[in-house]
Protein chains: 2
Amino acid sequence: MLNQLHITAEDMIQQNGGRATAGRIGILAILLAEQQAMTHREIEQRLPEAVQLDRVTLYRALEWLAGKNLIHKVTSDDRVWRYHANRGVHNTHQHAHFKCMCCAQVICLDALTIERNWHLPTGYRFQEIELTVKGLCADCG
Amino acid sequence: MLNQLHITAEDMIQQNGGRATAGRIGILAILLAEQQAMTHREIEQRLPEAVQLDRVTLYRALEWLAGKNLIHKVTSDDRVWRYHANRGVHNTHQHAHFKCMCCAQVICLDALTIERNWHLPTGYRFQEIELTVKGLCADCG
DNA sequence: AATATAAACGCAACAATGTTGCATGGATTG
DNA sequence: CAATCCATGCAACATTGTTGCGTTTATATT
């Protein structure tokens with residue numbers, strides 16, 4: 001199944017005019033296989049030994065994938081970016097995230113749609129919204 | 001007026017059993033005078049020359065003020081904490097923030113109340129919610 | 001298949017934010 | 001006045017992320 005994800009990842013990368021290197025494929029396959037948003041570190045640790053990447057390369061690969069809208073970054077309050085594969089509803093970037101205050105895991109809350117029945121002060125322009133619910137996950141709570 | 005804020009700040013600090021040092025008073029007065037959430041740097045720059053503090057002392061003073069619920073921290077996506085004085089509705093921590101993507105300023109959106117007509121997956125426990133609207137402020141837009 | 005080339009990569013060095021340990025200084029209390 | 005404890009400053013460190021630059025490699029072209 002992970003092999004299948006590698007093929008999918010390779011396709012996604014090539015369709016965006018990028019080189020399908022082992023690093024990019026590995027990273028995207030990992031993110032595609034994972035439900036929750038992952039930190040730089042978590043991705044690095046899960047990469048097989050044959051595909052160990054430099055920290056900088058990993059950052060640049062993630063940046064490239066995000067630029068091609070294959071993944072997206074998630075803000076957190078621990079000053080660490082998390083990354084999550086884009087698929088389906090996730091592409092809208094208009095869904096919420098849940099962060100466990102205990103184990104720091106981040107998942108997507110697809111069910112929580114954000115209503116736009118409010119308005120900004122005059123002169124202000126809306127671009128996007130970021131909503132994070134904090135609490136304890138099922139394992140920690 | 002800033003003088004008045006100094007007195008207010010001194011009161012607030014003493015009522016929480018802390019020493020009313022020049023640093024703490026200065027920091028809190030600055031935050032009380034400012035509508036928007038301020039970064040460590042911005043606070044440092046606005047401190048009068050007579051009250052220049054070490055970076056560490058500033059961090060520790062902010063940490064102390066946050067622990068006493070006199071101010072609160074605001075998450076941002078640029079890995080920089082911002083601090084905002086607590087007063088009135090702000091104490092609830094259940095209001096939203098707006099961040100300008102151009103000038104990076106953060107203001108509180110008191111009007112935007114967050115509805116709780118949703119629920120988390122089973123086993124998950126809610127603690128708090130953080131909502132950041134991004135866009136352009138009146139000056140930048 | 002060989003080659004040219006632009007895209008990825010790895011290394012080193014750097015920048016920014018924030019933290020920890022420890023010694024010093026100054027206010028508060030007895 | 002002395003003892004104590006809180007706050008401060010300095011140095012050193014940790015972490016995350018970025019930039020410059022020379023090298024390697026995937027892909028297209030021959």
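Proteins get letters first, then strands, A, B, ... in listed order; numbering begins at 1 in each.
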[X] side-chain N/O to [Y] backbone N/O, donor-acceptor pair under 3.5 Å:
{"X": "A:Q14", "Y": "A:A20", "answer": "no"}
{"X": "B:N16", "Y": "B:G18", "answer": "no"}
{"X": "A:E42", "Y": "A:T39", "answer": "yes"}
{"X": "B:H84", "Y": "B:Q35", "answer": "yes"}

Set out, line by line, the N/O atom pairs under 3.5 Å between protein and nucleotides 28-30 of chain D.
none

Measure [atom1]/[X] against [atom2]/[N] and give the value in whole Å, please.
{"X": "A:Y83", "N": "D:dT16", "atom1": "OH", "atom2": "C1'", "result": "10 Å"}
{"X": "A:D78", "N": "D:dA14", "atom1": "CG", "atom2": "C1'", "result": "15 Å"}
{"X": "A:H40", "N": "D:dG17", "atom1": "NE2", "atom2": "C1'", "result": "8 Å"}
{"X": "A:N16", "N": "D:dT27", "atom1": "CG", "atom2": "P", "result": "14 Å"}

Q.
Assuming nearest nucleotide by heavy-atom distance, tell me which of A:A22 and B:W81 is located more 5' along DNA chain C.
A. A:A22

Q) Taking all atoms of both residues into account, what is the closest heavy-atom pair of B:I27 and B:A61, and its distance? A) CD1-CB, 3.6 Å

Q. Which nucleotide in the set D:dT27, D:dA7, D:dG17 lies at the smallest distance from any side-chain heavy atom of A:V80?
A. D:dG17

**Q.** Residue-phosphate contact under 4.0 Å: A:R41 side-chain N/O, D:dT16 OP1/OP2
**A.** yes

Q.
Taking only side-chain N and O atoms of B:T21, does any of them lie within less than 4.0 angstrom of OP1 or OP2 on D:dT8?
A. yes

Q) Do the ring centers of A:Y83 and A:H72 come within less than 6.0 Å of each other? A) no

Q: Any chance you could measure B:D11, atom CG, to B:I25, atom CD1, to the nearest 0.5 Å?
A: 9.5 Å

Q) Nearest 0.5 Å, what's the CD-CG distance between B:E63 and B:L58? A) 11.5 Å

Q.
Grouping I, L, V, M, F, W and Y whenever their side-chain heavy atoms are under 4.5 Å apart, do B:M12 and B:L47 come out in a common cluster?
A. yes

Q. Taking five pairs at each end of the helix from C:dA1-D:dT30 to C:dG30-D:dC1, what angle separates the two helix axes (nearest 10°)?
A. 30°

Dump every N/O contact between nucleotides 9-13 of chain D and the protein below 3.5 Å, one line per pair.
{"unit_1": "D:dG9", "atom_1": "OP2", "unit_2": "B:D54", "atom_2": "N", "d": "3.2"}
{"unit_1": "D:dG9", "atom_1": "OP2", "unit_2": "B:T57", "atom_2": "OG1", "d": "2.9"}
{"unit_1": "D:dG9", "atom_1": "O6", "unit_2": "B:R60", "atom_2": "NH2", "d": "2.4"}

(Q) Using a 4.0 Å heavy-atom cut-off, does A:Q14 contact any base of the nucleic acid, only the sugar-phosphate backbone, or nothing at all? (A) sugar-phosphate

Q.
Heavy atoms only, 4.0 Å cut-off, all strands: where does B:A61 land among base, sugar-phosphate and nothing?
A. nothing

Q | For A:F98, ring-ring contact (aromatic ring centres under 6.0 Å, His included) partners two or more places apart | A | B:Y124

Q) Which two nucleotides bound the region of DNA chain C that has atoms under 4.0 Å from heavy atoms of chain B, read 5' to 3'? A) C:dT17 to C:dA27

Q) Got a sec, which residues hit side chain to side chain donor-acceptor pair (under 3.5 Å) with B:T75, two or more places apart in sequence or on another chain? A) B:E130

